[in-house]
> 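Okay, here's the structure, questions in a sec.
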Amino acid sequence: MAVEVPPGSKRPYYITSRGINEGTFVRIGASSRIAGQDILKDLMLEGSNRSFDALDFIDERGIGLSQESIGRLCNFIKIKSGIDATSISLVNMGLLRETDEGFVPSRAFMLLTDNPYYHARIQCARFRGPGETEFIDRKEFTGSIIDQVDSAIGFVTDHLNMGARIEGLYREDIPEIPLNAIREIITNAVLHRSYSHEGSPIFVAVYDDRVEVTSPGMLPQGMTVEGMLSEHSNPRNVVLSRFFRDTHLSEGWGKGVKRAMDSCVAYGLRRPDILEIDDMIKVVIYRAGSEYVPNVKASDFPLNDLEELVLDYLEANPQDTVDDVAKHLGRPYSTVRKSVSKLKAKGILSRTGSKSKGVWEVTHKSR
């Protein structure tokens with residue numbers, strides 16, 4: 001039996017005798033905690049059916065709307081979608097609001113153009129080893145969140161290992177993590193982070209064995225990690241999500257994260273993890289060679305004919321090498337090695353010991 005209770009429309013709910021600041025509790029992990037001010041802001045917006053990015057931008061420092069920024073954004077839309085955008089187009093997209101005195105920018109418009117929000121930035125770092133003890137490289141990206149996404153993706157790919165494939169006269173570099181997965185995870189972090197958390201940027205950390213993307217804010221009320229991977233999109237920032245969808249910067253149906261995770265598995269990598277840590281969401285993408293800890297059922301991934309042959313052979317000959325398998329099956333070594341990597345990534349096959357003296361073990365039966 002599954003009982004689903006939708007969130008109420010008058011959030012936040014709190015213990016009246018303690019007041020809203022001390023009497024509002026949220027569930028984080030296995031404990032209930034008093035909601036901080038950032039979480040309270042999110043709850044109030046969700047309860048009133050509003051989003052941070054849809055509100056008018058009001059700034060006492062004199063930062064505001066400029067014709068140059070309107071033209072720049074309209075030109076970007078033209079390049080990406082082929083639509084001749086105007087100020088009215090931006091009104092229809094929720095980026096501007098028309099008044100008798102002129103146009104008023106939304107917070108989404110400012111995030112996409114001049115971005116005056118200091119916390120709306122991405123901090124990237126490359127660490128030596130598996131822990132945060134020694135920096136190899138670090139950068140911080142500010143300005144338009146569109147440019148931030150591209151810069152953060154470039155930072156990650158600059159610190160990944162590259163393979164190569166020769167097609168005719170041309171050499172194609174192949175990163176160890178699929179680029180579409182990197183782009184989707186970073187884009188998703190920018191689109192769905194809580195911009196009410198004014199003290200926290202997005203963190204992108206590259207380690208020897210993994211890439212971590214951490215964004216501020218809990219999942220929207222009523223959303224779970226499982227639901228995020230199986231249901232349609234429930235965006236926190238509705239105007240930004242529509243803009244990214246209309247300009248083909250994201251797919252807009254809420255399936256991008258699941259597709260990114262599936263592409264990593266198809267690549268022969270361990271399936272990424274999504275973790276809820278305090279009031280942050282962290283996505284961990286594992287690099288090639290990281291030790292696999294099964295977190296899915298082998299039956300979720302049907303085997304192709306070659307994988308079945310490889311599994312049968314190694315089950316009967318656990319001391320043989322990949323080269324032995326390739327010779328026995330009459331297949332290229334690189335093809336068999338790729339199949340072995342996928343079987344390991346699926347949690348079906350594991351190896352203990354050295355390359356020359358180790359043994360294989362079939363850890364799951366999928367047939």
> Rounded to the nearest 0.5 Å, what separates atom CG in L179 from atom CD in E184?
13.0 Å
> Does a side-chain heavy-atom distance below 4.5 Å link V3 with M1?
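In contact.
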> With a 4.5 Å limit on heavy-atom distance, are the side chains of P178 and L269 in contact?
yes
> Do the charged groups of D209 and R270 touch, with an N to O distance under 4.0 Å?
no
> Does the structure place the NZ or CZ of R72 under 6.0 Å from the centre of the six-membered ring of F76, at an angle of no more than 45° from the ring's axis?
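Output no; distance or angle outside limits.
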> How far does OG1 of T214 sit from CE of M280, to the nearest 0.5 angstrom?
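Reported to 0.5 Å precision, the distance equals 7.5 Å.
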> Can you confirm whether I182 sits close enough to V211 that some side-chain heavy atom of one is under 4.5 Å from a side-chain heavy atom of the other?
no
> So that I can tick it off, tell me whether R351 and E361 are bridged by a salt bridge, with the cut-off set at under 4.0 angstrom between side-chain N and carboxylate O.
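Salt bridge: no.
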> Does any non-hydrogen side-chain atom of E308 lie less than 4.5 Å from one of L311?
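No. Closest side-chain heavy atoms not under 4.5 Å.
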> Side chains of W360 and L349: does their closest heavy-atom pair fall under 4.5 Å?
yes
> Using the rule side-chain contact (heavy atoms from CB on, under 4.5 Å), only one of D262, N188, V283 pairs with V257; which is it?
N188
> In plain terms, say whether R128 and D208 are close enough for a salt bridge, that is, a side-chain N and a carboxylate O under 4.0 Å apart.
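So R128 does not pair with D208 through a salt bridge.
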> Is there a side-chain contact between D38 and D42 in this structure, where contact means two heavy atoms from C-beta onward sitting under 4.5 Å apart?
no
> Could you list the cluster mates of F203? Members are the ILVMFWY residues connected by side-chain heavy atoms closer than 4.5 Å, either directly or through other members.
none
